[in-house]
Amino acid sequence: MLNEFKKFAMRGNVIDLAVGVIIGGAFGKIVASLVADIIMPIIAMLVGRVSVADLAYGSVKYGVFLQSIIDFLIIAVSIFMFIKFLSRFKKKEEEAKVVVQIDKKEELLAEIRDLLKAEKDFSR
């Protein structure tokens, strides 16, 4: 069982996933700080309140919810842009890998076709 787990853990997909989760967590903290420390104070100035998180209607604190929505939108847009950026490189890499290989039979048939065509043109 230990060997099976070792094979599973050393597969590329599991390691890639672990790296993605760690980077995603760090990225989430960066975006949360961006929203809480830069974007929300700007919105608070526009709204005229000290903090958007303090927005409330009675006991319903919708400001915290609004801040969470802005966090999510920024993370979603930035991940979309990052994946789009990476897919551009992946497409170029795939295009470079495509190499047409003609096997011997096809090559010989192409030569015969060309010879027959040349002979036909020559007899006219």
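Each residue takes its place number in the sequence, starting with 1.
- Although no hydrogens or angles enter the test, the distance criterion places a donor-acceptor pair under 3.5 Å between the side chain of Ser87 and the main chain of Lys84.
- Taking CZ of Arg113 as the reference point, atom CD of Glu111 lies at 10.5 Å (rounded to 0.5 Å).
- Note that the CZ atom of Phe85 and the CZ atom of Phe80 stand 14.0 Å from one another [nearest 0.5 Å].
- In terms of modelled atom types and a separation under 3.5 Å, the side chain of Ser78 and the main chain of Ile74 share a donor-acceptor contact.
- The two residues Tyr62 and Tyr57 come nearest to each other via the heavy atoms CE2-N, 3.7 Å.
- Grouping the Ile, Leu, Val, Met, Phe, Trp and Tyr side chains by contacts below 4.5 angstrom, directly or via other members, places Met45 with Leu34.
- Both Val31 and Ile38 sit in one connected hydrophobic cluster of ILVMFWY residues. Membership requires side-chain heavy atoms under 4.5 Å apart, directly or through other members.
- In this structure, the side chains of Ile69 and Leu73 come closer than 4.5 Å at one or more pairs of heavy atoms.
- In this structure, the separation between CD1 on Ile39 and CD1 on Ile70 is 7.0 Å, given to the nearest 0.5 Å.
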